[in-house]
Amino acid sequence: MSPIARFRALPLRSRLALLVATAVAVAVAAVAAVSWVMVRAQLRDQLDRSLMSTNAAAEVRSVLRDGRPCPEQAPTQPTQPGQQIAGNLNASVQIVTADGSHCWVSGPSTLPVTEVDKQIAAGSRNATLHDVTTADGIEMRVYTQPARVTPNSPLFGISVAKPLTDVDKTLSTLAWVLLLVSGIGVVGAGAAGLWVARTGLRPVDELTGAVEHIARTEDLTVRIPDEGDDEIARLSRSFNSMTAALASSQERQAQLIADAGHELRTPLTSLRTNVELLARSEQTGRAIPPEDRKELLASVKAQMTELASLIGDLQELSRPDAASPGPLGVVALHEIAGAALSRARLRGPELEFASDLAPWYVRGEAAALERAVVNVLDNAVKFSPPGGAVAVSLRAGELTVRDHGPGIPADDLPHVFERFWRSPSARALPGSGLGLSIVARTVLRAGGTAELRAPAGGGPGAEAVLRIPGAPTPPPPAQPSVVPDE
C-alpha cells in the first residue's frame with residue numbers, strides 16, 4: 001500500500017492531527033533554520049570585525065624595530081601576554097612575504113600560507129578575509145592585510161587569525177536548543193491538533209451516529225443539535241431539514257398508499273360482486289334475466305372505467321414534481337381549451353356551453369395541459385344540473401370555467417386541490433378525488449396557479465381559474481414556394 005493510500009485509510013481526526021503536526025514541524029524547521037543562519041551570520045560578522053579592529057601592524061613594526069626573533073613556528077609553550085596581539089582575543093599573528101615565506105609573531109597557532117596571502121604580500125590584492133585549516137586541523141578565520149615597516153621598506157603581509165571554535169561551539173549549542181524546542185513544539189502541536197480534531201469533529205460524530213441510527217432503525221424523527229452559525233451547525237441544520245423532508249415524504253407516501261387502497265377497494269369490491277354473480281349464474285345454470293344481466297354488465301363496464309381512470313390518476317401523481325411527462329414547448333392554450341371543450345360537450349350533451357377563447361401561448365406539455373383543462377370541465381359537467389350552463393373564457397392567460405351547480409362551501413375551498421379529498425356532496429358521485437390535484441400540479445409545473453372560488457358576480461355554482469404565464473408566440477409556418485410551370 002502506498003503512503004498516500006495508508007494516509008487516506010487513517011481516521012479523519014488522525015489525518016487532521018498529522019497534518020497539523022506536519023505543518024507545525026515545517027514551520028518550526030523553517031524558523032529554526034532561518035534563526036541558525038542569521039545567528040551564524042551575526043557571529044561571523046562579529047568575528048570579522050574583531051579581526052579587522054586589531055592593531056596587528058603596530059605590533060609587527062614594534063617587533064621588527066626591536067629586533068626581536070621571528071621564528072617560523074609558534075612556540076610550544078604559552079606566550080607571555082605581552083607577546084600576544086590582543087591576548088583576550090586569542091588571536092594568532094604572522095608575517096607573510098610574496099615568496100611564501102612566513103614568520104610567527106604572536107598567538108597559539110602557526111597559519112598556513114595561501115595564494116591569497118602571497119598576492120596581498122605582493123601588493124596585487126587588497127586586504128581579505130578567508131578561512132584556513134592549520135596543520136593540527138583547527139579551522140581559522142584569517143584577515144590578511146598589506147603593511148610596511150617604513151614608507152620605503154619592502155611590502156609584506158600581516159595575517160591575523162582566530163579559531164572558529166567559539167563560533168562553531170555557539171552554533172552547535174544553538175542547533176541543539178532549536179532542535180529540542182522544535183521537537184517539543186511538534187509534539188505539542190500534534191497533541192493540540194488531536195484535541196482540536198476530536199473537539200471539532202464531535203458534531204460530525206453525532207451526525208454519523210444519527211445517520212447510522214436512521215439506517216439501522218429507519219427512524220426519521222432523530223434530530224441533531226444545531227446551535228451556532230459555523231459549518232458544522234449548517235451541516236446539522238441541513239441534515240435535520242433532510243430528515244424532516246424524508247419523514248414528510250414518507251408520511252405522504254404512506255397516506256397516498258392508504259388513500260389509494262381505500263379508493264381502489266370500492267370499485268374492486270363492486271366489480272368482484274358483479275363478477276361473482278355472473279360466475280355463479282354460469283356454475284348453477286340459473287340464467288339472470290336479460291334486463292338484470294344488461295344492467296350488471298353496464299355496471300361492470302362503468303366500474304372498470306372508473307378503476308382505469310383511478311390508476312391513470314395515480315400514475316400521473318406518482319411522477320416526481322420536477323419531472324415532466326413530455327417535452328416542453330410553446331403551445332396554444334386556446335386550442336387546447338377548445339379541444340377539451342369539445343370532449344366536455346360529448347360528456348354533457350344536455351348542458352349549454354358558452355366559450356370565449358382569446359389566443360394565448362404558454363410553455364408546457366400539451367397533453368398534460370389538455371388533461372388539466374378536461375378535469376376542470378369534467379367537474380363543471382358533473383356538478384351542473386340538467387339543462388345548466390357552463391361558461392368558458394380565456395383572457396390574458398386566465399382560463400375561467402364557471403358552472404351553475406350547488407357550489408362549494410367556503411370551509412371546503414382550502415382542501416379542493418388535496419389528493420383524494422372530496423366534499424360531502426360529491427362522495428356519492430363517481431370520481432377519485434385526484435382530478436383537481438392533477439390540475440394544480442400541472443399548472444404549477446407550467447409556472448402558473450390554480451384557484452377554485454365562488455363566482456365573481458355572485459350566484460350559484462363555482463368558478464375555476466387557471467392562470468398560466470404567456471410565452472413568445474411561435475412564428476407562422478413557412479408558406480410553400482410556388483414554382484411556375486414552364
Side-chain angles (χ1 to χ4, degrees), residues 33 36-172 174-175:
W36 188 88
V37 170
M38 291 182 64
V39 171
R40 179 178 180 273
Q42 290 290 332
L43 292 176
R44 293 290 293 261
D45 184 62
Q46 290 178 4
L47 177 61
D48 292 344
R49 287 199 302 268
S50 66
L51 291 175
M52 294 169 63
S53 64
T54 57
N55 193 11
E59 180 67 18
V60 168
R61 293 190 188 99
S62 175
V63 170
L64 295 178
R65 288 195 189 103
D66 297 343
R68 278 189 264 169
C70 184
E72 292 185 358
Q73 300 293 330
T76 57
Q77 298 297 324
T79 59
Q80 297 298 324
Q83 294 179 296
Q84 184 172 327
I85 303 297
N88 58 349
L89 190 62
N90 193 25
S92 297
V93 181
Q94 71 178 18
I95 299 173
V96 181
T97 60
D99 60 359
S101 60
H102 63 281
C103 66
W104 172 84
V105 176
S106 175
S109 301
T110 303
L111 307 176
V113 179
T114 64
E115 192 63 31
V116 174
D117 298 329
K118 295 178 184 179
Q119 292 175 0
I120 295 173
S124 61
R125 189 167 184 171
N126 295 327
T128 304
L129 288 161
H130 58 284
D131 295 339
V132 298
T133 303
T134 63
D136 50 359
I138 300 176
E139 295 286 336
M140 305 286 286
R141 184 66 170 169
V142 181
Y143 174 65
T144 303
Q145 58 182 327
R148 299 175 187 270
V149 177
T150 62
N152 297 324
S153 61
L155 187 68
F156 59 90
I158 302 175
S159 295
V160 183
K162 184 180 179 183
L164 291 172
T165 307
D166 295 341
V167 174
D168 293 340
K169 186 182 298 184
T170 303
L171 292 176
S172 178
L174 177 63

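Residue indices begin at 1 and follow the sequence shown. Side chains included, hydrogens not; waters and symmetry mates left out as well; all remaining heavy atoms used.
- Side chains of Thr165 and Asp168: a donor-acceptor N/O pair is absent below 3.5 angstrom, by distance only.
- When all heavy atoms of Pro108 and Ala91 are compared, the closest pair comes out as CD-O, 3.9 Å.
- Using a 4.5 Å heavy-atom cutoff, the side chains of Leu174 and Arg40 are not in contact.
- Between Thr134 and Ser109, the shortest heavy-atom contact is CG2-CB, 4.5 Å.
- Dense packing is recorded around CG of Asp136, with more than 12 heavy atoms of other residues, nucleotides or ligands lying under 6.0 Å away.
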Begin from the C-alpha positions of Tyr143 and Asp48 and carry the test side chain to side chain contact (heavy atoms under 4.5 Å, CB included) through to its verdict.
CA-CA 8 Å; Tyr143 174 65; Asp48 292 344; over 6 Å; no
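- Checked options Leu111, Ile120, Val132; the residue passing with Ser159 is Leu111 (criterion: side-chain contact (heavy atoms from CB on, under 4.5 Å)).
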Residues Thr144, Thr128; criterion side chain to side chain donor-acceptor pair (under 3.5 Å); working and verdict
CA-CA 6 Å; Thr144 303; Thr128 304; over 6 Å; no
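- Taking each heavy atom of Leu51 and Ala161 in turn, the nearest pair found is CD2-C, 4.0 Å.
- The two atoms that bring Ala121 and Ala98 nearest to each other are CB-N, 3.6 Å, heavy atoms only.
- Atom NZ in Lys169 sits 13.5 Å away from atom CG in Leu43 (nearest 0.5 Å).
- By the 4.5 Å heavy-atom criterion applied to side chains, Thr114 and Val96 are not counted as neighbours.
- Scanning all heavy atoms of the two residues, the minimum distance from Met140 to Ser92 falls at CE-OG, 4.3 Å.
- Taking each heavy atom of Trp36 and Leu171 in turn, the nearest pair found is NE1-O, 3.2 Å.
- Two residues are said to be in side-chain contact when any heavy atoms from C-beta on lie closer than 4.5 Å; Val167 and Glu139 fail this criterion.
- For the atom pair CD (Gln145) and CD1 (Ile158), the distance works out to 5.5 Å, reported to the nearest 0.5 Å.
- Rounding to the nearest 0.5 angstrom, the gap separating the CD1 atom in Ile95 from the NE2 atom in His102 is 11.0 Å.
- We find the CG-CD distance between Asp117 and Gln94 to be 7.5 Å, quoted to the nearest 0.5 Å.
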